[in-house]
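Within every chain, numbering begins at 1; the chains are lettered A, B, ... in the order of the sequence lines, protein sequences first and strands thereafter. Heavy atoms only: backbone and side chains are in, while hydrogens, waters and symmetry mates are out.
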2 protein chains.
Amino acid sequence: MRADARRNYDRIVEVAREVFREQGYDASLDEVAKRAGVGPGTLYRHFPKRENLLDAIMQSWVAKVSETADKALAHEGSDRELLLNWFQEYVGLISQHRGGPAKITSAMGDPASPIMTKCQVLAQANERVIDRLREDGCLRADVDTLQVCRLVGGVATVADQGELDPEAVRPMLEVVADGLLK
Amino acid sequence: MRADARRNYDRIVEVAREVFREQGYDASLDEVAKRAGVGPGTLYRHFPKRENLLDAIMQSWVAKVSETADKALAHEGSDRELLLNWFQEYVGLISQHRGGPAKITSAMGDPASPIMTKCQVLAQANERVIDRLREDGCLRADVDTLQVCRLVGGVATVADQGELDPEAVRPMLEVVADGLLK
DNA sequence: ACCTGAACACCGTTCAAGT
DNA sequence: ACCTGAACACCGTTCAAGT
């Protein structure tokens, strides 16, 4: 990759992170190109689809996901607390910008999605937590990890689109947790 | 209302129902106007915002909502079955077209939304079912009906956006139901 | 009072011309 | 090899002119 291409690529990603944080995942790509100081064609050369840009933004995100799962697993306290705490972290992880919860949750089951590998990391982090609780024997028999991602993702999506505050989200996560625990 | 205005209004609503069913709630309004045989200005005169058009479409929907709740309440069987059956009907009611679950669920808590009254009808139908179970004493103490709408709406939204089939939705609704029941 | 359709704004996407 | 920016398509929205 040529030096100027590299520089443009990096600037676009940096600016996109900023714009998506401000305006959500539906923000104008024209705006991103403008702020990055490149023509629209340059943005499309590097990122043919909007999801490719999202994928690049999420590059640093995967490390945070694993870390968060580690911390959640190290949590002292009851199984319920551990699960609930993880759910809250999970919602936080996918709610970095508006439209994120819906996008990430729907990409989870779609092998054709450019952000699929990123979603896999999240799914595996979730699996680690669920497996740990399964070993403890406190989960119901037929709990599927993908299902858990969708349930918590659904709560996050509703919270995102309805602009709910964390106090309204917590009790919903409690219901989901209680439905999964014995 | 003048006769030709009435006729145009009705045709637009009829066509919009069709187009939304085919292409989802994000369908082009230009397409609706074209199929209805009116200019775009006429559509905007009757329906200044997309949500006003949705509201008109949902006119006949409210009767179906009440009916469905009646039927669910008349259900013979366990409390869990009754609740689960209602949840499935609820998902069906808000999933008439793509984008519906998200739109309806987020409008539920927004007093400024044009479809708010329609959502209230749904919320009240849900409340009747929940109150009935509360009387039976089989619900947890702090179950809030709006919360229930959001939880089930979240499942419906995820299912809608991920194009999941009913077999994948049912177990998620079971988790929610079990989390609400004693 | 209501309708029409041209006109404008905005945005995604492509591509010929440049370096 | 990469960038630029004009050009096109599409869609929502407005409004002057018409009936």
Legend entry - dG12(D): pairing nucleotide in any strand, Watson-Crick or G-U under 3.5 angstrom: dC8(C)
Legend entry - Phosphate contact (dA1(D) OP1 or OP2) by Arg2(A) side-chain N/O below 4.0 Å: no
Legend entry - Shortest side-chain distance from Asp4(A), nucleotide among dG12(D), dC2(D), dG12(C): dC2(D)
Legend entry - Value in whole Å for how far the P atom of dC15(C) lies from OH of Tyr44(A): 13 Å
Inset, instruction - Name the closest nucleotide to the Pro40(B) side chain, picking from dT13(C), dA6(C), dC3(D). - result: dA6(C)
Legend entry - Distance in angstrom units between Asn52(A) CG and dG12(C) C1', rounded: 15 Å
Inset, instruction - Look only at the side chain of Asp160(B) and the backbone of Gly99(B), and say whether a donor-acceptor pair between them is shorter than 3.5 Å. - result: yes
Side-chain donor-acceptor distances from residues 129-141 of chain A under 3.5 Å, at least two apart:
from      : atom 1 : to        : atom 2 : distance (Å)
Asp131(A) : OD1    : Arg134(A) : NH2    : 3.3
Arg132(A) : NH1    : Leu73(A)  : O      : 3.2
Arg134(A) : NH1    : Val143(A) : O      : 3.1
Arg140(A) : NE     : Gly179(A) : O      : 3.3
Arg140(A) : NE     : Leu181(A) : O      : 3.2
Arg140(A) : NH1    : Asp178(B) : OD2    : 3.0

Inset, instruction - Please state how far atom CG in Asp10(A) lies from atom P in dC2(D), giving the value in whole angstrom units. - result: 14 Å
Inset, instruction - Mind calculating the distance between CZ (Arg50(B)) and C1' (dG12(D)) to the nearest angstrom? - result: 9 Å
Inset, instruction - Quick one: label Ala27(B) by what it contacts on the DNA or RNA (base, sugar-phosphate, nothing), any heavy atom closer than 4.0 Å. - result: sugar-phosphate
Legend entry - Nearest-Å distance for atom pair CZ/C1', residues Arg35(B) and dC11(D): 16 Å
Inset, instruction - Could you check which nucleotide pairs with dT19(D) in any of the strands shown, counting Watson-Crick or G-U wobble with both distances under 3.5 Å? - result: dA1(C)
Inset, instruction - Take Met1(B) and Pro48(A), find for each the nucleotide of DNA chain C with the closest heavy atom, and name the residue whose nucleotide sits nearer the 5' end. - result: Met1(B)
Legend entry - CD1-CE distance between Ile115(A) and Met58(A), expressed to the nearest 0.5 angstrom: 5.0 Å
Legend entry - Nearest-Å distance for atom pair CZ/P, residues Arg7(B) and dC2(C): 13 Å
Inset, instruction - Look at the side chain of Thr42(B) and decide which nucleotide, out of dT4(C), dT14(C), dG12(D), has an atom nearest to it. - result: dT4(C)
Legend entry - side-chain N/O His46(A) vs dC3(D) OP1/OP2, d < 4.0 Å: yes
Legend entry - Under 4.0 angstrom between Asn8(B) side-chain N/O and dC3(C) OP1 or OP2: yes
Inset, instruction - Give the rounded distance in Å between these two atoms: CD of Glu31(B) and C1' of dG12(D). - result: 14 Å
Legend entry - Glu22(B) side chain near His97(B) side chain, heavy-atom distance below 4.5 Å: no
Legend entry - Nucleotide nearest Asp30(A) (side chain, heavy atoms from C-beta), chosen from dT13(C), dC3(D), dC2(C): dT13(C)
Legend entry - Minimum-distance nucleotide (side-chain atoms of Ser28(B) versus dC11(D), dC11(C), dC3(D)): dC11(D)
Legend entry - Donor-acceptor contact below 3.5 Å, side chain Ser106(A) vs main chain Ala102(A): yes
Inset, instruction - Figure out the CG/P separation between Leu53(A) and dC11(C), and round it to whole Å. - result: 16 Å
